**Student:** 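Below is a structure I'd like to ask you about.
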Amino acid sequence: MTRIQIPRGTQDIMPGTVELWHYVEAKARELCRRFNYAEIRTPLFESTELFQRGVGETTDIVEKEMYSVANPRSNDALTLRPEGTAGVVRSYVENKLYGSPNQPTKLYYLGPMFRHERPQAGRYRQFVQFGAEAIGSSDPAIDAEVIGLAIRLYQELGLTGLSVELNSVGTVEDRARHREHLLAHLNGVRSELCEDCQSRIDRNPLRVLDCKNEKCKTLTKDAPSILDYLSEESAAHFEAVKDYLTALDIPYHVNPRLVRGLDYYTLTAFEIKMAEIGAVETLCGGGRYNGLVAELGGDDMPGIGFALSIERLLLALEKQGVQLPITGGIDCFVVVQTPEAKKGAFILVDQLRQAGVAAELDYLDRKMKAQLKQADRLSARFTAIIGESELANGTVVLKEMATGEQQEIKQDEFISVLAAKVQQAN
Ligand code: HAM
């Protein structure tokens, strides 16, 4: 029989690794608590139209990367979410959160996203994004707060050498003014640009500046910068964001070519990069989306957010050799010498578990020596041995593995003695 394999671009997160995920996820949630972002959980699939309208028809995500299926009961199609912002904003609108005086609405999410991309290091077809969105405020301070939240997560986990790439992609009006000049430049080199860029020039010329193709980069080196076309207000916003970042001691680098691959961005756009992580170096991306709430049917509310994938975060930690403080192992393995002791040990393990102790026993009829080996494999901090004499005396021998220290304890006192020791050690 041929074996069925895992789909390309996905991964099993196995015991031994999943603990790293738990640690990072707990850190992200804890930071959100401190920053006052509340969790929102939206569906893993949404109407395809949400992403067409939200993310944009001309983006790679919508053009090439969505997993969509026809909705069997109606004419519309459904799509596995390729990103979180559109769903969060849909929910913000649908639940009329824009009508609440409690603004900005600060939300975070942690869950799988799906993109049909070419898999490589740090690029998967299913990946987990941690993202945050602050909707309902135009204050540049919140732009810096959002960037700061991502940076603090990386810092608290122990990553170093990160850089924030910062740009302003302006308002719709700023871009309209820039577009004319940009088009004049791009049309001059049109035939030499890559196919993707040629098809993008008329639909979304700014994206041409974001092309990774070296030839396109050279050809557009002197293209007019959006930063020269910002209105006074947009420029002031950008200056204020930079100022707040400096106040938070977060270094940034202005990159006028940073466009981002999603169409909803206005004003602030940013990415957080690490020197080199495999083929992909961007750890996190985000920006403002001041028109999106209105585009999806709500009042005209501004918003800003970011998303980062846990996969790339873990890859970055690995690259930098950062060890997360993961403590594994169970508290106590109960070893029995004779089959007669089995039932008593079985009950004891249940009582230990009820008392908060992580406890285990043998289920493979192992000999005593093999049971001790199994206790070792499970990194048990203690072993409790019930031998023939202990069975006769109603006692248990407790051994602390690290010190080798042993004591004989009466069975009826054993639970409370061990529970206290375990609690103390925790
Ligand atoms: P994005 O740049 O498409 O933005 O993705 C954000 C982050 O998700 C990336 O920086 C990367 O860490 C991770 N990511 C994206 N694709 C993959 C992949 N195939 N495999 C592994 N990781 C990946 C967004 O998704 C926006 N929704 C961010 C945002 C939130 N903007 C405003 N609010």
Side-chain angles (χ1 to χ4, degrees), residues 7-11 13 24 28 37 40 42 46 50-51 54-56 59-62 64-67 80-92 104-135 142-143 145-147 149-151 153-154 159 162-165 167 169 207 210 212 258-274 277-293 302-317:
R8 237 164 86 71
T10 67
Q11 47 177 356
I13 300 160
V24 168
Y37 285 72
I40 181 168
T42 61
E46 298 267 2
L50 173 68
F51 303 113
V55 174
T59 59
D60 281 353
I61 292 180
V62 171
K64 313 180 199 165
E65 296 172 0
M66 298 206 300
Y67 288 96
L80 285 177
R81 61 183 192 189
E83 60 101 54
T85 312
V88 169
V89 172
R90 192 248 335 119
S91 176
Y92 178 87
T105 303
K106 301 194 344 181
L107 302 166
Y108 83 90
Y109 48 91
L110 189 52
M113 307 291 161
F114 307 85
R115 296 185 193 176
H116 190 269
E117 298 197 78
R118 207 164 54 78
Q120 52 182 292
R123 177 162 294 147
Y124 302 92
R125 291 183 173 173
Q126 175 177 328
F127 55 97
V128 173
Q129 273 189 349
F130 163 57
E133 314 288 349
I135 312 174
I142 205 140
D143 301 38
E145 175 183 283
V146 160
I147 296 171
L149 172 54
I151 287 287
L153 174 67
Y154 291 131
L159 279 181
L162 301 177
S163 74
V164 177
E165 301 263 304
N167 193 19
V169 293
R207 285 293 314 284
D210 196 37
K212 303 289 177 276
L258 180 77
V259 174
R260 309 267 306 121
L262 304 94
D263 279 353
Y264 46 61
Y265 291 114
T266 57
L267 301 172
T268 312
F270 65 92
E271 284 182 353
I272 301 176
K273 303 200 176 211
M274 196 183 92
I277 66 159
V280 184
E281 57 173 13
T282 305
L283 292 184
C284 169
R288 263 201 178 272
Y289 44 84
N290 286 353
L292 187 58
V293 179
I304 173 147
F306 75 81
L308 60 90
S309 70
I310 307 294
E311 286 82 355
R312 284 193 198 172
L313 169 51
L314 291 174
L315 209 61
L317 289 168

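Model, not experiment: these values are computed from the prediction. For reference, positions follow the sequence shown, starting with 1. Hydrogens, waters and symmetry mates are skipped; everything else that's a heavy atom, side chains included, is used. Each ligand, and each atom within it, is numbered from 1 in the order the structure gives.
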**Student:** In order of chain and number, which residues sit within 4.0 Å of ligand 1 by heavy atom?
**Tutor:**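 Around ligand 1, where the cutoff is 4.0 Å for heavy atoms, the contacting residues are Glu83, Thr85, Tyr109, Arg115, Glu117, Gly122, Arg123, Tyr124, Phe127, Gln129, Glu133, Arg260, Leu262, Tyr264, Tyr265, Thr282, Leu283, Cys284, Gly285, Gly286, Gly287, Tyr289, Gly305, Phe306, Ala307, Leu308, Ser309, Arg312.
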**Student:** Please tell me if the side chains of Tyr124 and Ser309 come closer than 4.5 Å, counting only heavy atoms from C-beta onward.
**Tutor:**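 No, their side chains stay 4.5 Å or more apart.
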**Student:** For the residue pair Ile147 and Phe306, establish whether any side-chain heavy-atom pair is separated by less than 4.5 Å.
**Tutor:**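 No, side chains not in contact.
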**Student:** Going by atom types only, do Tyr67 and Gln126 share a side-chain donor-acceptor pair under 3.5 Å?
**Tutor:**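 Gln126 and Tyr67 do not have a side-chain donor-acceptor pair below 3.5 Å.
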**Student:** Using only heavy-atom distances, determine whether the side chains of Thr85 and Tyr264 contain a donor-acceptor pair under 3.5 Å.
**Tutor:**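 A donor-acceptor contact under 3.5 Å links the two side chains.
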**Student:** Can you name the residues that form a salt bridge (charged side-chain N to carboxylate O under 4.0 Å, His left out) with Glu46, not counting sequence neighbours?
**Tutor:**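 Scan of Glu46 (salt bridge (charged side-chain N to carboxylate O under 4.0 Å, His left out), adjacent residues dropped) gives Arg90.
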**Student:** Is any side-chain heavy atom of Tyr289 closer than 4.5 Å to a side-chain heavy atom of Val89?
**Tutor:**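 Yes, at least one pair of side-chain atoms sits under 4.5 Å.
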